[in-house]
**Student:** 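If you scroll down you'll find the structure; I have some questions about it.
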Amino acid sequence: MKTLFIAGISGSIGEQALEVLNTEWFKENVKLIGGSVYSNWNKLKIDIDKYKLKAVAIVNAQQNLPNDYNDCKIFQGEDSVEKAIQYCDSDISLIATSGFSGLKHTISAINFSERICLANKESIVCGGNYVLNLAKKFKKLIIPVDSEHSAIYQLLLGEVTIPEKIILTASGGSVRDIPIDSLENVTPKEVLNHPVWSMGARITVDSATMVNKGLEVFEAYHLFGVKNIDVLINRDSHVHSIVQFSDGVFKMHFGLPNMKVPIAFSISYPERKFNFNKPLLSNTKIEFQKVDYNRYPSLQLAFNILGNPILQNAFNAADEVAVESFLSGEIKFTDIYYIIYKTINKIQQEFSNSTGREFISLEEILEVDKISRTIAKQFILQSR
Ligand code: NDP
Ligand code: MG
């Protein structure tokens, strides 16, 4: 029986992971012992009772909570997730926190768990080689959960040749059919209604701008060491990504789109223990479209800064701030790109001596994130 901790247990990935744990093989082979949330105590309480958890963390406790509840230790406050990960000392940690905050949780998991099932793409986007080198140093296994990267990970199992090219697939997001001229008027409600995937708020907005695909380009570059990356639209999201080899062979990862599949794979690897529906191949048409970069300028911007850790970090920070402002009605959908663009330009000026080099410490990563957020907030204020 392997023990598991889930950071972000109340989120979209966290909930789907719990559904996986309630299926046959997982019930008998994986024991959930801890989890964390930002503020959702009601959800945590249910999980503590249902799974008899050893420890949980709540970062923003709005009420005075006890230190223990039904034999479960409760950590509260800023570093609570790191403390709970250490206390649980689980074999596996699934890091499904949203946003940059997940980076510290990933680092903690690298210290205390043997395997890190990594949904939090920001850990790789912002932490880059720093995080991967740490995992290498401590001989820990990182298995990506992001569907495209899980697909590539699976496609490369057994290959000794580095692929010539990686092709990430994209759905195009929730407003993919709205005329470009009308995009500035789309509302948060329209954007949050994704045609294929059901996900947390930020990643759903990021799918619509394709900032998400930009983050995934950075993620793929770091995880697989390939810089030749392309993006194609596969509207029904049945092809989860493609690797291209020099002999003209393309390997594609095909299946119904559902995050439970990569979540389950990351936990049961190297075995496949999840049962899921199979599409009818005789009725299947596989189609790809080129990306229209006029519709998705943020993805072009991501390609322009690929391989520059400081700017990749700024790209993520500015987007997190801009998406929050869009969702609260402060800025337009199309402003998200301009906020990221201007923030990156400013950061490029401020860090002109260090662009292009890898991060050497966590402090440096945190500093770039903090400065980028401040700059992005200033641009948002100016735009109003
Ligand atoms: P959600 O917004 O649905 O859930 C986020 C989870 O993280 C919640 O449990 C939330 O707690 C917790 N959380 C948020 N902020 C903090 C914080 N500062 N400190 C501690 N915990 C926090 O996100 P998703 O599940 O959609 O995404 C999670 C990660 O997985 C993201 O990095 C995303 O990019 C990635 N991912 C998600 C996919 C999906 O299909 N959803 C697909 C591929 C990748 P609370 O409920 O209390 O707010
Ligand atoms: Mg993805």
Side-chain angles (χ1 to χ4, degrees), residues 5-19 34-47 56-62 75-85 94-106 108-109 116-127 143-153 168-173 192 194 196-207 210-220 223 231 234 237 239-241 253 257-263 266 316 319-320 323-324 327 369 373:
F5 183 96
I6 304 180
I9 197 165
S10 54
S12 157
I13 293 286
E15 293 273 9
Q16 293 180 82
L18 293 179
E19 286 179 42
S36 68
V37 298
Y38 179 67
S39 60
N40 195 341
W41 169 243
N42 290 337
K43 168 79 174 85
L44 262 188
K45 238 177 6 191
I46 295 170
D47 292 337
V56 295
I58 177 158
V59 173
N60 184 19
Q62 289 126 347
F75 292 95
Q76 299 173 55
E78 199 46 45
D79 298 327
S80 56
V81 185
E82 291 90 309
K83 287 180 188 155
I85 289 175
L94 167 61
I95 306 299
T97 309
S98 56
F100 182 76
S101 323
L103 171 67
K104 282 189 176 172
H105 308 166
T106 299
S108 240
I116 299 89
C117 304
L118 191 57
N120 179 267
K121 62 189 81 184
E122 294 84 353
S123 297
I124 301 293
V125 167
C126 303
I143 305 189
V145 170
D146 210 350
S147 60
E148 297 78 0
H149 306 75
S150 170
I152 297 162
Y153 189 90
L168 298 174
T169 45
S171 68
L192 288 176
H194 196 282
V196 184
W197 300 99
S198 160
M199 312 179 282
R202 181 196 174 201
I203 186 172
T204 308
V205 177
D206 285 350
S207 289
M210 278 219 200
V211 163
N212 181 52
K213 212 45 61 180
L215 298 175
E216 291 182 352
V217 169
F218 304 149
E219 191 185 5
L223 283 173
V231 174
N234 174 236
S237 302
V239 175
H240 304 127
S241 274
H253 187 286
N258 191 302
M259 285 309 294
K260 279 182 262 181
V261 178
I263 292 169
S266 72
N316 176 70
D319 177 67
E320 276 193 35
V323 168
E324 223 177 283
L327 290 175
D369 174 76
R373 280 169 201 270

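Counting convention: from 1, in listed order, for ligands and their atoms alike.
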**Student:** Return yes or no for this condition: an N or O of S39 is under 3.5 Å from an N or O of ligand 1.
**Tutor:**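 Yes, S39 has an N/O under 3.5 Å of an N/O on ligand 1.
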
**Student:** Looking only at protein heavy atoms, which one is nearest to atom 23 (O) of ligand 1, and what is the separation?
**Tutor:**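 Going atom by atom, the protein heavy atom closest to atom 23 (O) of ligand 1 ends up being S98 CB, 3.8 Å.
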
**Student:** Among protein heavy atoms, which sits nearest to atom 8 (C) of ligand 1, and what does the distance come to when rounded to 0.1 Å?
**Tutor:**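 Protein heavy atom with the smallest distance to atom 8 (C) of ligand 1: S10 OG, 3.4 Å.
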
**Student:** Does some side-chain heavy atom of Q16 sit less than 4.5 Å from a side-chain heavy atom of N258?
**Tutor:**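 They are in contact (side-chain heavy atoms under 4.5 Å apart), so the answer is yes.
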
**Student:** Which protein non-hydrogen atom lies closest to atom 33 (C) of ligand 1, naming both residue and atom, and how far is it?
**Tutor:**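 Here the nearest protein heavy atom works out to I203 CD1, 4.0 Å.
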
**Student:** Checking N234 side chain against V239 main chain: does a donor-acceptor pair fall under 3.5 Å?
**Tutor:**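 Indeed, once roles are kept as given, a pair shorter than 3.5 Å links the two residues.
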
**Student:** For the side-chain contact (heavy atoms from CB on, under 4.5 Å) test, which of L118, I143, I116, V145 pairs with L94?
**Tutor:**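 Answer to the side-chain contact (heavy atoms from CB on, under 4.5 Å) test with L94 among L118, I143, I116, V145: V145.
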
**Student:** Between K213 (side chain) and T169 (backbone), is there a donor-acceptor pair under 3.5 Å?
**Tutor:**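 Such a contact is found between K213 side chain and T169 backbone.
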
**Student:** Looking only at N, O or S atoms, find the one in E148 nearest to the Mg ion (ligand 2) and name it.
**Tutor:**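 Nearest to the Mg ion (ligand 2) within E148's N, O and S set: OE1.
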
**Student:** Got the closest protein heavy atom to atom 29 (C) of ligand 1, with its distance?
**Tutor:**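 Going atom by atom, the protein heavy atom closest to atom 29 (C) of ligand 1 ends up being T97 O, 3.4 Å.
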
**Student:** Give the numbers and elements of all ligand 1 atoms closer than 4.0 Å to a heavy atom of A119.
**Tutor:**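 Here the atoms of ligand 1 in question are 30 (O), 32 (O), 35 (C), 36 (N), 44 (C).
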
**Student:** Counting only heavy atoms, which portion of V59 has something under 4.0 Å from ligand 1: side chain, backbone, both, or neither?
**Tutor:**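 Under 4.0 Å from ligand 1, V59 contributes side-chain atoms alone.
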
**Student:** Within the distance-only criterion (no hydrogens, no angle test), does the side chain of S108 pair as donor or acceptor with the backbone N or O of H105 below 3.5 angstrom?
**Tutor:**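 Not at all, since once roles are kept as given, no pair shorter than 3.5 Å links the two residues.
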
**Student:** Just let me know how V37 lines up against ligand 1, side chain, backbone, both or neither, with a heavy-atom cut-off below 4.0 Å.
**Tutor:**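 Near ligand 1, V37 shows its backbone as well as its side chain.
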
**Student:** Between G200 and ligand 1, does any nitrogen or oxygen pair lie at a separation below 3.5 Å?
**Tutor:**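 By distance alone, the answer is yes.
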
**Student:** In ligand 1, which numbered atoms sit nearer than 4.0 Å to a non-hydrogen atom of I13?
**Tutor:**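 Answer for ligand 1: 25 (O), 30 (O), 37 (C), 38 (C), 39 (C), 40 (O), 41 (N).
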
**Student:** Would you find a donor on one side and an acceptor on the other, under 3.5 Å apart, between the side chain of N120 and the backbone of I95?
**Tutor:**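 Judged by distance alone, no pair lies under 3.5 Å.
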
**Student:** Below 4.0 angstrom from a heavy atom of N40, which ligand 1 atoms are there? Numbered from 1 as shown, please.
**Tutor:**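 The atoms of ligand 1 under 4.0 Å from a heavy atom of N40 are 46 (O), 47 (O).
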
**Student:** Nearest protein heavy atom to atom 4 (O) of ligand 1, by residue and atom, and its distance?
**Tutor:**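 So the nearest neighbour among protein heavy atoms is G11 CA, 3.1 Å.
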
**Student:** Does some side-chain heavy atom of I6 sit less than 4.5 Å from a side-chain heavy atom of L18?
**Tutor:**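 SC-SC contact between L18 and I6 confirmed.
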
**Student:** Does A96 reach ligand 1, in the sense of a heavy atom lying below 4.0 Å from it?
**Tutor:**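 It does; at least one heavy atom falls under 4.0 Å.
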
**Student:** Whether the N212 and K121 side chains hold a donor-acceptor pair (N or O, under 3.5 Å, no angle test) is what I'd like checked.
**Tutor:**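 Short answer, yes.
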
**Student:** With respect to the Mg ion (ligand 2), what is the nearest N, O or S atom of D146?
**Tutor:**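 Among the N, O or S atoms of D146, the one closest to the Mg ion (ligand 2) is OD1.
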
**Student:** Which of the numbered atoms in ligand 1 are below 4.0 angstrom from a heavy atom of S101?
**Tutor:**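 Answer, ordered by atom number: 17 (C), 18 (N).
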
**Student:** For atom 17 (C) of ligand 1, find the nearest protein heavy atom and state the residue, atom name and distance (0.1 Å precision).
**Tutor:**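 Looking only at protein heavy atoms, the one closest to atom 17 (C) of ligand 1 is Y38 CD1, 3.5 Å.
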
**Student:** From atom 40 (O) of ligand 1, work out which of K43, E15, M199, E219 has a heavy atom at the shortest distance.
**Tutor:**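 The option holding the nearest heavy atom is M199.
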
**Student:** Verify the neighbour count for atom CD of E15: are there more than 12 heavy atoms of other residues, nucleotides or ligands below 6.0 Å?
**Tutor:**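 More than 12 heavy atoms, drawn from other residues, nucleotides or ligands, come within 6.0 Å of this atom.
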
**Student:** Is there a donor-acceptor pair closer than 3.5 Å between any side-chain N or O of H253 and the backbone N or O of I152?
**Tutor:**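 Looks like no, no N/O pair under 3.5 Å.
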
**Student:** Checking the side chain of S36 only, and the main-chain atoms of V56 only, is there a donor and an acceptor separated by less than 3.5 Å?
**Tutor:**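 Not a single qualifying donor-acceptor pair exists.
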
**Student:** Output the list of atoms in ligand 1 that are nearer than 4.0 Å to some heavy atom of M259, sorted by atom number.
**Tutor:**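 Within the 4.0 Å cut-off of M259, ligand 1 contributes 40 (O), 42 (C), 43 (C).
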
**Student:** Nearest heavy-atom pair of L44 and G35: which atoms, and what distance?
**Tutor:**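 Where L44 meets G35 most closely, the heavy atoms are CD2-O, 4.2 Å.
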
**Student:** Could you list which atoms of ligand 1 come closer than 4.0 Å to a heavy atom of I9?
**Tutor:**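 The atoms of ligand 1 under 4.0 Å from a heavy atom of I9 are 9 (O).
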
**Student:** Distance-only, no hydrogens or angles: does the S150 side chain make a donor-acceptor pair with backbone N or O of D146 under 3.5 Å?
**Tutor:**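 Not confirmed, S150 side chain does not pair with D146 backbone.
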
**Student:** Counting only heavy atoms closer than 4.0 Å, does ligand 1 sit against the backbone of H105, its side chain, both, or neither?
**Tutor:**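 Within the 4.0 Å criterion, H105 contacts ligand 1 through side-chain atoms alone.
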
**Student:** Looking at N316, is its backbone amide N or carbonyl O close enough to the side chain of E320 to form a donor-acceptor pair, meaning the two atoms are under 3.5 Å apart?
**Tutor:**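 Pair absent, no side-chain N/O of E320 close to backbone of N316.
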
**Student:** Of all N, O or S atoms in E216, which has the smallest distance to the Mg ion (ligand 2)?
**Tutor:**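 Output for this pair reads OE2.
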
**Student:** Report the nearest protein non-hydrogen atom to atom 44 (C) of ligand 1: residue, atom name, distance rounded to 0.1 Å.
**Tutor:**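 Nearest protein contact, heavy atoms only, for atom 44 (C) of ligand 1 is D146 OD1, 3.6 Å.
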
**Student:** List the closest protein heavy-atom neighbour of atom 41 (N) of ligand 1: residue, atom name, distance to the nearest 0.1 Å.
**Tutor:**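 Atom 41 (N) of ligand 1 sits closest to the protein heavy atom S12 OG, 3.2 Å.
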
